[in-house]
There are 2 protein chains.
Amino acid sequence: MQDNDPLRSAATAPGVSRYGRIAAQLQRKIVDGEWQPGSAIPAESTLAAEFGIALGTIRQAIAVLVQEGLLERVQGKGTFVRNGLTGASMMRFFRFRADTAAPGSFATGIEPGLAIPRSEILSCRAARLDKSMAALFGLDAGARGLAISRRRWLDDKPRLIESIWLPLPRCEPLQRLPRAEWGDLLYPLLASQCGITIHRAVDEVTFRTLDADEASLLDLPDGHPCALVTRRAYDLQGHCAEYRLTRGDAYAFRYQADIR
Amino acid sequence: MQDNDPLRSAATAPGVSRYGRIAAQLQRKIVDGEWQPGSAIPAESTLAAEFGIALGTIRQAIAVLVQEGLLERVQGKGTFVRNGLTGASMMRFFRFRADTAAPGSFATGIEPGLAIPRSEILSCRAARLDKSMAALFGLDAGARGLAISRRRWLDDKPRLIESIWLPLPRCEPLQRLPRAEWGDLLYPLLASQCGITIHRAVDEVTFRTLDADEASLLDLPDGHPCALVTRRAYDLQGHCAEYRLTRGDAYAFRYQADIR
DNA sequence: AAGTGGTCTAGACCACGTA
DNA sequence: ACGTGGTCTAGACCACTTT
């Protein structure tokens, strides 16, 4: 659990060091799509020769991007451009399934394997974005976006309701996509249909109560407490490409943070 | 925001690399108290000569401990043993003071400077620990601990109530300490009175409701929703040295997590 | 000026994965 | 056997802090 400034998105100022400048150049290749997510980048020795620098320096540059989560090294195989966000499931905030350890007790720390909840699209329509949301997406005031309402099911029970906003025209392909082809996960869809790789997200959790409509969608009583997760997701260029509100039963919420 | 296994505490298996073994030796010096928190360790060149290894290798070993949060490098000055946990305030989970940005809106990401809440000790007594808590502290069944009840004030309003358990006899000095000398922060007290440096903590957040006693302590109605933070704090040796339950108004809860 | 960590080089050899 | 990243060396010079 680490707080970060959502504004400082892409291109962290690398100072003036050589490996910093090289790292920025490598990042450019990823952002521009020259190096595709999932594919291997050239070998360290190759890159060192190309840039005309020592092996240790290119290693240091790569280390920067590994730290940033853009690259991944695999011993003996190569260095790869990471695919989109993993482990960003909203389920990590909740414990819906019966757990061995009662909350507050001395848990084992073992995660109950995160399942992918089934997705039910309730509505999906284009709409004018309000001023602040347009600004978030880097669009002009009055720009349009895609507003999606979604319900997530787990073990045949409704667990989460989500309101998702996506920028238009970037996400226009989703508007024409038949409901049957949506599947359960949004980010793979954004990648395949819109060419958007979600690479980072900032989640904010607060506590609320459900209104009558929300409650009925979750089979909970009106006014029932809920955890509200507000997500801003960013693409490789550092532009916000998703704003999402997720609500789930507050009493199923649990989150673990490690501080040092 | 990063999940971690609370069990894998100290001495991460360093494989068989030389820098890994060196890192373990340096860690031993810190854990054993040979290198005191806050003080500088010998220069890299000195250490390299002492261990009979190259500069790059000792640098790599130090980098491991920096990553672990045990050491801190300062350009031009030296490498220092980090003092206890900073930024572990429970206030980071709450937003009690009026904030410019309404929750759910597009916040600026600027933190409203974390204040230290005033501490009021409600009770402090030795008691037998239950079996699981004794095990958590690495003590035999039936061992005793210190049970502390504390209320935290901010802006002359009661904001948090805390139940803290500490292992005996390690924390015995606190039992004899006059209330007036406790101050507002526990960890500096553990360091100065008991020689315990809290170096890592694992917090788990859930939502509950307050019972009548708890509610009255916080000037809230019976049954009011609260955020419950369960903390396990660990010393340099990796032993758990504190178990804490913190409760505060759920409507003041907010937490931000960065995923990549 | 002296001491510290930060950057950079040009090699060498090792451990791992694949063919 | 070959190519990959991982480790290690022995230097050099730079940037920052303190004396």
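No experiment lies behind these values; they were computed from the predicted model shown. Every chain is numbered from 1, with letters handed out A, B, ... down the list of sequences.
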Nucleotide of [options] approaching [X] most closely (side-chain heavy atoms):
| X | options | result |
| --- | --- | --- |
| A:S17 | C:dT9, C:dT7, D:dG6 | C:dT7 |
| A:Y19 | C:dT4, C:dT9, C:dT7 | C:dT7 |
| A:Q60 | C:dT7, D:dG5, C:dT9 | C:dT7 |
| B:A54 | C:dT9, D:dT9, C:dT4 | D:dT9 |

Quickly work out the [X] [atom1] to [N] [atom2] distance and round it to whole Å.
| X | N | atom1 | atom2 | answer |
| --- | --- | --- | --- | --- |
| B:R59 | D:dT9 | CZ | C1' | 15 Å |
| A:R73 | C:dG17 | CZ | P | 16 Å |
| B:E44 | D:dA10 | CD | P | 16 Å |
| A:Q75 | D:dG3 | CD | C1' | 12 Å |
| B:R21 | D:dT7 | CZ | C1' | 11 Å |
| B:K77 | D:dT18 | NZ | C1' | 9 Å |
| B:L47 | C:dG5 | CG | C1' | 12 Å |
| B:F51 | D:dC8 | CZ | P | 13 Å |

task = Look at all strands and tell whether B:R18 reaches a base, only sugar-phosphate, or nothing, counting heavy atoms closer than 4.0 Å.
result =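 Answer is sugar-phosphate: B:R18 comes under 4.0 Å of backbone atoms only.
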ask   = With a non-hydrogen cut-off below 4.0 angstrom, is B:L55 in contact with a base, only sugar-phosphate, or nothing?
value =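 Contact class for B:L55: none.
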ask   = Would you say a side-chain N or O of B:T57 is under 4.0 Å from OP1 or OP2 of D:dT7?
value =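 It does not, given that no N or O in the side chain of B:T57 lies less than 4.0 Å from OP1 or OP2 of D:dT7.
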task = Evaluate the ring planes of B:F93 and B:Y255, with Trp represented by its six-membered ring, and classify them as parallel (under 30°), tilted (30 to 60°) or perpendicular (over 60°).
result =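 Ring orientation, 0 to 90° scale: tilted.
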task = Give the ring-plane orientation class for A:Y243 versus A:W165, where under 30° counts as parallel, over 60° as perpendicular and anything between as tilted.
result =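 The rings of A:Y243 and A:W165 sit tilted, inter-plane angle from 30° to 60°.
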ask   = Quick one: on DNA chain C, does A:I53 or B:G78 contact a more 5' nucleotide (nearest heavy atom)?
value =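 Nearest nucleotide further toward 5': that of B:G78.
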task = Report the C-alpha distance between B:T230 and B:R232 in whole Å, list the side-chain angles of each, state the deciding distance to 0.1 Å, and finish with yes or no for side-chain contact (heavy atoms from CB on, under 4.5 Å).
result = CA-CA 7 Å; B:T230 305; B:R232 295 165 184 78; 4.0 Å; yes
A:D235 side chain to A:Q237 backbone, donor-acceptor under 3.5 Å =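 Such a contact is found between A:D235 side chain and A:Q237 backbone.
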inquiry  = Using a strict threshold of under 4.0 Å (side-chain N to carboxylate O), is an ion pair present between B:K77 and B:E72?
reply    =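 Salt bridge between B:E72 and B:K77, a charged N being under 4.0 Å from a carboxylate O: no.
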